[in-house]
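Before we start, here is the structure in question, set down as structure tokens.
In what follows, chains are A, B, ... by sequence order, proteins preceding strands, each numbered from 1. Computed over heavy atoms, backbone and side chain alike; hydrogens, waters and symmetry mates excluded.
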Amino acid sequence: MNTTFSAIGENRTVDANEFTPEIEPQPTWCPGCGDFAVLNALKKAVSEVGRSPEEVLLVTGVGCSSKISSYFECYGFHSLHGRSLPIARAAKLANPDLLVIAAGGDGDGYGIGGNHFMHTARENHDIVYIVFNNEVFGLTKGQASPTSLKGHKSKEQPLGSAKDPIRPLSMGLAAGASYIARTAAVNPSQAKDILVEAIQHEGFAHIDFLTQCPTWNKDAKQYVPYVDVQKSEEYDFDPSNRVQAAQMMYETETSLSEGKILTGRYFIDDRPSYQQEKIARGSMPKDPLAYRYTDEKYSWERSFDYVENRHT
Amino acid sequence: MNTTFSAIGENRTVDANEFTPEIEPQPTWCPGCGDFAVLNALKKAVSEVGRSPEEVLLVTGVGCSSKISSYFECYGFHSLHGRSLPIARAAKLANPDLLVIAAGGDGDGYGIGGNHFMHTARENHDIVYIVFNNEVFGLTKGQASPTSLKGHKSKEQPLGSAKDPIRPLSMGLAAGASYIARTAAVNPSQAKDILVEAIQHEGFAHIDFLTQCPTWNKDAKQYVPYVDVQKSEEYDFDPSNRVQAAQMMYETETSLSEGKILTGRYFIDDRPSYQQEKIARGSMPKDPLAYRYTDEKYSWERSFDYVENRHT
Amino acid sequence: MDSELIWRIAGGSGDGIVSTSDNFGKAIMRSGLNVFTHRHYPSRIRGGHTYAEIRAGPTELKSRGDGYNFLLALGDSFGRNQKIDSAYYGNERIKPLTENLYDLHNGGVIVYDTGIIDIEDVPDFSEQVAENNWHVYPIDLRSIAKEEGRDIMRNTAGIGATAALLEMELAPIEALMKAAMKGPIFEQNLTILRNTYSMVADTFEFTHDIRFPSGEHNETQALVSGSHAIAYAALDEGCRFIAGYPMTPWTAAFTIMCGILPDVGGISEQVEDEIAAAALAIGASHAGVKAMSGSAGGGFSLMSEPLGLAEMVEQPIVLLEAQRAGPATGMPTKTEQADLEHVLYTSQGDSTRIVLAPGDPEEAYEQTRMAFQIAYGYNIPVILLYDQKLGAELRNIPLSFFDRDPDPSMPGTIPESDLIDAPHHPSGKYHRYNYDAKDGVSLRSIPGQKHGRFHASGNEHTQEGHISEDPINRVLQMDRRRSKIAAIRTYLDAQNVSNNTPYGPLSSPYGILTWGSNKGTVEEAVDRLNSSGTPLVKALSVSDLCPFPTQEVTSFVESVSKILVVEMNATGQFQGLVKQQLGAYGDKLYGLLKYDGNPFEPAEIVAGFEEKIMGEN
Amino acid sequence: MDSELIWRIAGGSGDGIVSTSDNFGKAIMRSGLNVFTHRHYPSRIRGGHTYAEIRAGPTELKSRGDGYNFLLALGDSFGRNQKIDSAYYGNERIKPLTENLYDLHNGGVIVYDTGIIDIEDVPDFSEQVAENNWHVYPIDLRSIAKEEGRDIMRNTAGIGATAALLEMELAPIEALMKAAMKGPIFEQNLTILRNTYSMVADTFEFTHDIRFPSGEHNETQALVSGSHAIAYAALDEGCRFIAGYPMTPWTAAFTIMCGILPDVGGISEQVEDEIAAAALAIGASHAGVKAMSGSAGGGFSLMSEPLGLAEMVEQPIVLLEAQRAGPATGMPTKTEQADLEHVLYTSQGDSTRIVLAPGDPEEAYEQTRMAFQIAYGYNIPVILLYDQKLGAELRNIPLSFFDRDPDPSMPGTIPESDLIDAPHHPSGKYHRYNYDAKDGVSLRSIPGQKHGRFHASGNEHTQEGHISEDPINRVLQMDRRRSKIAAIRTYLDAQNVSNNTPYGPLSSPYGILTWGSNKGTVEEAVDRLNSSGTPLVKALSVSDLCPFPTQEVTSFVESVSKILVVEMNATGQFQGLVKQQLGAYGDKLYGLLKYDGNPFEPAEIVAGFEEKIMGEN
Ligand SMILES: Cc1ncc(C[n+]2csc(CCOP(=O)(O)OP(=O)(O)O)c2C)c(N)n1
Ligand SMILES: Cc1ncc(C[n+]2csc(CCOP(=O)(O)OP(=O)(O)O)c2C)c(N)n1
Ligand code: SF4
Ligand code: SF4
Ligand SMILES: [Mg+2]
Ligand SMILES: [Mg+2]
């Protein structure tokens, strides 16, 4: 435990209510919005793993969903549309002792932020990434998002979107995420469990969280009935087997278009996280860099020695 | 045939040499660079399909490879690093009669341009996309690119890259490309054949073209010996079967790290192109929009009628 | 008694107050009055401090006016999860009343929905009412609505109450309702409207002075916003391709275009991000279509690099930039004019772009047409810079204003038939970037044209477009590209009408300089300041930002002794631009800045003038 | 006879002329001379017009000088596919000779490699030689090299020939070779060096005047570029995190940092694009590490939005912006100063950033340290704006200059122990954005600190960081953020030494204003213009661009009658900034602009002064 960052590693029992900010206890989401469920599940999951508000950094983008940083008590960072991941992963590199969670909408993460998603997954940063997938742009009033079904109508798509929806789980897999799950707002206990696993997983944990948007996405309804692929008799696959995982994902994504809601853990891999890779190569210090700045004993290197050796 | 764009649809016999620009017949690429092979194969392929220089629009990004627009006679557009695809796909929407080819490096396409790659593939625009994959940033002097092997050393990665390379074929598949192939500079006739197929394919044709960079990527050597997965006895899969394609891609990508060069057609799908989807929905005109501006008989709609109907 | 009405309807976001007030505004316009609207809402889908205002009167209206005199407070029913009572923070439910009291005129009218608002919760309500001579009409709008239809129809009940209290005729309102609704919904609303009207007329004794003003129009009027004017102008210019990504407040214009384009055989594309949006517009334009894109300031940041590409390859595109309060995500639904410098200068290298900033819907239409004419005439990117205020405010314009010919022409292109004789490199490549082009405008060929092939490159390039670092070629190309700016100034100066509008008595000793959407508000302030009859102040509203109208501004500045520079930002960006362009007269300029997210009211400009200009005399 | 040497080595890109000239420069420095280098190369890996220049002399050198007096033309051996003869366009092979003749002084020396260059191919060579009194030494460097080692070693042969012709001692060259090479490579090079040296000394009769100048240093010198100075300053400030994406010319500084950081337990990240790069720097800084990023103008365009975020959440970051010729991809390896306005204004909303533009390597070091001190002291993004010229030029600085203490402190943070007593919202959230903070600097807490939690938001926000659109809060927060700029100006003014450098006799009637990397060249021009003894002109080189040193510039401008404003761009961006800041004196300012990709030579400034300032007298 570092004395200048003493919220870290306290290991005390934490109550889920500690994550309700007194200043803004009630989200401004619409009645019936699926985002409420993510918030609740996250409060439970973080308290279950025993991390306290001040050792959590929650980085979000912009969108209805990204406002979760206002409603979850911790160090919050409500950044830019699509840019939560590069901020989050750098914070984790700077201080791996933090629990770093990135979150945002499907537009935020798979649309404008798609490149960061792909590369953060590839690099396997040890962070949790929650995508609130409501298959629509909520905050900007109902336009098609990358996950909207073909035919989705809005003022921008008056004749219906002509695009097939992106396959978020398959993309995560191809890109290199090492934990991939889908859960849904209507399934709070599965959601909480998956979040706990994601937090405990070392590496990039990608959660596609189905969150109905009753205001703009009437098609999506409530994402019911849902099926837990782990619990259902109908499905039998091994999430540590990439080929099986890929097939299960494909089926899950396709069946969503048909109104069949499959959820669960899809892929779990134990390849080393990026941090571990970097530390192994000597290109990242073992102790969190952030602590060095308050370490009075650290003797800081200076350029003089480089100049003398290289330039005279 | 449109009389104001009379290069289009001439249907004459075209010689490959017509694509050699007299102004810059010799590329400035380094001796031994794999990029020469792409250029040669492209000249042959485009002449084989009988398209002439002035009905081709070649849009590139920035990098050694992107300079191909200077060395291939046609309407060329050497745009910005990573941005060839959105330019190319809009040009195709504006005038579907053009043969539109986008090209650039692995950094250009899978790195900075990764989001456009993902979304252009998803939308299945009817263009050819050639990625010169030399597993390195050539023009900026040897830094790791998204396809560089883990451990790749450069001045920016003095202890070796800690990142697993991206899987370009798998990404293309997950994103939604409808034709996916890999070929290599050392394999000119396969390269030409694949380019011909890609041009003829209706939809997004993604070609990962292995192009050795003897200057910066010593590891990659010449991409020999290579294996054509269609011709080899060892492999048996059906490129129209997504699951088999996915497995073959995974193996191909993994074996590249181990020095085994697999090439060939990986995925061929006949889902409708974006244009077809849009036209079917009535959200794109059947005749190329570009021609309307020289059509003296077209009677242009005016806003007065909208204002009168909606605002008075 | 107020000769005009400024009516405010307040409720939560999602309460439907926008469509209600839009329709009511149209009804008022049809009744013969001029109309000017204003909207205030938060950046969320439901709840929050939201109102819409309609100013209505028989004379020309150039701004939202000062404050208002009639409040219809619906109460906030969607605040948060409405099923849970605790979902309302403290006083959320009554905010539509409490948050709006501040600006209500002395003697004003208050109608509030007793179905939602408990007046006991409002601190010092009766004291405030007494102090301000307000006339209060508590009505259970919600119950009236529920009785005949649904909760949300209390909007209609509110309109009925308003009409009754104003002694306004119901006919124009009913006509519009009929056009907008059908079947039982229409029936229910109609009943609610009429019931409330008669109930109010019957029940209350009217103590207030305000009545519906009377007026008449000479010709048919259209109620349009700046966003409409822009989209319609684009349509009339033959723009048939738009690519974009939603972002408030640009989404309004994007939405209008997306709605119309399929009708007219055009193409609209919502894409992955704003980098792609700008790049698509470039690609479509390159292939021969009149194309546009746009965003608010944040998305425009992402367009910075493609914008520079358009400058370098001389690809015509029109980009809209709809400002909102920044920096960063800022206050997404609030207005500001702080992207001026961003738009003028973003992107590496010396910029070669045109920036136009219309002041009202008519100018928005004219300048958008001008934007396309310049872009597709001079092969240069043009940015139309406006703001949330201009984009969203509705006002009436004579329908005849829109009676124009479309003009899809692209004078910057070369017809295929001329290509063969045009200058070429010996290798056969067309000189797309010809050193000697008149006004610097080298005509562009289009892929598919014979004898037109060339190389477009973001690198510096030769006449046929091949990459070159030759210093002599470099200077020739830079100078040619840059020379277009001066040529465009000359072209603009040669027009019959300047885009920059002088206002007020020529002989005034003082001046007000402003730009963009403040135009009307400033003019209203000028009228008030001159109301004594002695010329005191005149104004110049600048709409061409680049090329800057140096001559017009210089003579204006020279003709007065002190100048108030009015703009909605914190750093005086326009004042800085004036100084940079004039290199002089800085000591004559006094800035009046507002950057709290709300537009100026005329009285604020009057007060600012009195303090900053007169106060120092 | 020239008292100084300006030696130019020319060949193709990839011919190794950079490392050869760098080493030769160091040898010259060790011989007791001052050194100033310049590089010219095209944007491709192999071939093209490429040279490196070393100016050397006993007195202080502030620029590359005018033209040059010694050419070593290696010939281009890598032009294109070297196996095919037709791979050489026309005269590619001889270009290292022909393209360089233009600038060679009368009486200058030419050494060329007869192994590659056939002099018959050079039009009018002997006429030109005669006309210019050049002294030509044809030597078959390639064969000498091949005989003992490899083709590429003809560089070494060229150095041997140079040394012989200059009558320079070989010892310092050999010492450096020994340090840089080992085994047979070293042996071969050594032999080649010595063989050529004696061959040349023995074979030729020296007809030229130029000899190696003699000089002596009082103390050990270090040969560094601006990029080095920047990276070393970052290191001394405790910067231990860099994120970036390669882009010429910023790559140089990025590369140096990437090389050092693993050594000192830091982290370097090459990421997917520049948006991510800037965002990573923000994330690392947020979590408590001193972080930086950077790019050239194109990549900086992509950083526009994250830069605005850093302004809004008040996240300290230092961004480098290394300019190259624009717009768009422009001329990637050529220098320019056309990103000034881009850097000052890109990103939506009123900007709150600091921009510093050092003039030489010492200033680059000082200003980079200042950049970190301001960023991490005032919680504000700081941009260090430089260019290809400053980034790549090498010159000698006393080693003792670098004998400084590191300073990793971050005065803008609050120690955990102070947090509990610091102002908090009643809910327990820390007032990270406190209205009343001194100088506007509200101290930041860091995730993991107890009692420090707050909400960082790109939206406008309250003291604890929650989203708010309240107009009063808005104005308070804007004013506080903006007030830091003035506080920083005060802080800078209170330093012992100004960052803005006056030069030349105070009483001069005329002035030259410049900024950034032109500093030394302007100073050299000032010396020449004043060489008659009568004070004619003085200069002010501005290095603080925002906050602008209004007072210093105003007094300078007021003290002279006419001013030449020297900058490398096409639109006079700095001149515009001066006018915008001063609002006056525009009629005193005369621009001298260069934008062909090459930096000014002193004589061009002298000529420009004579034409623009004296010519009108
Ligand atoms: C660069 C940029 N472009 C556009 C926007 C406008 N914008 C805000 S949120 C949003 C999309 C919201 O959709 P999603 O990410 O799915 O989140 P949701 O609201 O559905 O939770 C958009 C387009 C922005 N803030 N920044
Ligand atoms: C926005 C931007 N960032 C960086 C660069 C610099 N840059 C030019 S090419 C390139 C990478 C080249 O690698 P790749 O795309 O793989 O092409 P190759 O040269 O290997 O063919 C980079 C980083 C740029 N031009 N623009
Ligand atoms: S608009 Fe949709 S996503 Fe946004 S808060 Fe409302 S229900 Fe939720
Ligand atoms: S650097 Fe590599 S990719 Fe570039 S031209 Fe040379 S060999 Fe080809
Ligand atoms: Mg969404
Ligand atoms: Mg590459």
Worksheet item: Which answer fits E464(D), side chain, backbone, both or neither, if we ask what part of it has an atom under 4.5 Å from a heavy atom of chain A?
Response: side chain

Worksheet item: Non-hydrogen atoms of chain A under 4.5 Å away: do they reach the side chain of R30(D), the backbone, both or neither?
Response: side chain

Item to complete: Measure distances from D22(D) to the heavy atoms of chain A and classify the residue's part below 4.5 Å as side chain, backbone, both or neither.
Response: neither

Discussion item. Under a 3.5 Å distance rule, please check whether Q449(D) uses its side chain to pair with a backbone N or O of I414(D) as donor and acceptor.
Written reply: yes

Item to complete: Specify which of A88(A), G76(A), A94(A), C74(A) makes the most heavy-atom pairs with chain D at under 4.5 Å.
Response: G76(A)

Worksheet item: With ring centroids as reference points, do F19(A) and F72(A) lie under 6.0 angstrom apart?
Response: yes

Worksheet, complete the sentence: Applied to residues 73-90 of chain A, the salt bridge (Lys or Arg N to Asp or Glu O under 4.0 Å) test, sequence neighbours excluded, yields E73(A)-K429(D), E73(A)-R453(D), R89(A)-E123(A), R89(A)-E272(D)

Fill in: Residue, of A91(A), S70(A), G82(A), that accumulates the most heavy atom pairs under 4.5 Å with chain D
S70(A)

Response to the item:
Answer key: most heavy-atom pairs under 4.5 Å with chain D among K286(A), M284(A), E55(A) is M284(A)

Worksheet item: Taking T462(D) for the side chain and H466(D) for the main chain, is one N or O donor matched with an acceptor at less than 3.5 Å?
Response: yes

Worksheet item: Please walk me through it: do S225(D) and E393(D) pass side-chain hydrogen bond (donor to acceptor under 3.5 Å, both in side chains)?
Response: CA-CA 5 Å; S225(D) 68; E393(D) 285 168 355; over 6 Å; no

Worksheet item: Do F77(A) and L58(A) have side chains that get closer than 4.5 Å, going by heavy atoms?
Response: no

Worksheet item: Is Q221(D) reaching over with its side chain to a backbone N or O of E219(D), donor-acceptor style, under 3.5 angstrom?
Response: yes

Practice prompt. Pick one of side chain, backbone, both or neither for V313(D), based on which atoms fall under 4.5 Å of a heavy atom in chain A.
Written response: side chain

Worksheet item: Would you call the rings of W300(A) and Y293(A) parallel, tilted or perpendicular, where under 30° means parallel and over 60° means perpendicular?
Response: tilted

Worksheet item: For H228(D), is it the side chain, the backbone, both, or neither that has a heavy atom closer than 4.5 Å to a heavy atom of chain A?
Response: side chain

Item to complete: Determine the minimum heavy-atom distance between A277(D) and A243(D), stating which atoms define it.
Response: O-CB, 3.5 Å

Discussion item. Looking only at heavy atoms and a cut-off of under 4.5 Å, which of N95(A), V100(A), L93(A), L57(A) has the most pairs with chain D?
Written reply: L93(A)

Item to complete: Look at L176(D), L235(D), I267(D) and state which one has the largest set of heavy-atom pairs under 4.5 Å with chain A.
Response: I267(D)

Fill in: Carboxylate-amine/guanidinium proximity below 4.0 Å for R395(D) and E362(D)
no

Response to the item:
So, the part of H455(D) with a heavy atom under 4.5 Å from chain A: the answer is both

Worksheet entry | Interface residue of largest heavy-atom contact number with chain D, from K278(A), E22(A), H78(A), under 4.5 Å | H78(A)

Worksheet item: Salt bridge between E416(D) and K450(D), side-chain N to carboxylate O under 4.0 Å?
Response: no

Item to complete: State which residues pass salt bridge (Lys or Arg N to Asp or Glu O under 4.0 Å) with R302(A); sequence neighbours excluded, sorted by chain then number.
Response: D403(D)

Item to complete: Go through the atoms of P306(D) and report whether side chain, backbone, both or neither lie under 4.5 Å from a heavy atom of chain A.
Response: both

Worksheet item: Have E237(D) and T368(D) got a donor and an acceptor in their side chains that come within less than 3.5 Å?
Response: no

Worksheet item: Are Y365(D) and Y232(D) near enough that their ring centres are under 6.0 Å apart?
Response: no

Practice prompt. With rounding to the nearest 0.5 Å, note down the distance linking CZ in R51(A) to CG in L98(A).
Written response: 7.5 Å

Practice prompt. Check each atom of I446(D) against the heavy atoms of chain A and say whether the ones under 4.5 Å are side chain, backbone, both or neither.
Written response: both

Discussion item. Taking side chain as everything from C-beta outward and backbone as N, CA, C, O, which of these in R432(D) sits under 4.5 Å from a heavy atom of chain A? Side chain, backbone, both or neither.
Written reply: neither

Practice prompt. Under 4.5 Å, heavy atom to heavy atom: which of residues 103-122 of chain A reach chain D? Give them by number, or say none.
Written response: N115(A), H116(A), H119(A)

Discussion item. Quick check on the structure: residues of residues 305-312 of chain A within a heavy-atom distance below 4.5 Å of chain D, by number.
Written reply: Y306(A), V307(A), E308(A), R310(A), H311(A), T312(A)

Worksheet entry | Portion of F241(D) that has a non-hydrogen atom of chain A nearer than 4.5 angstrom | side chain

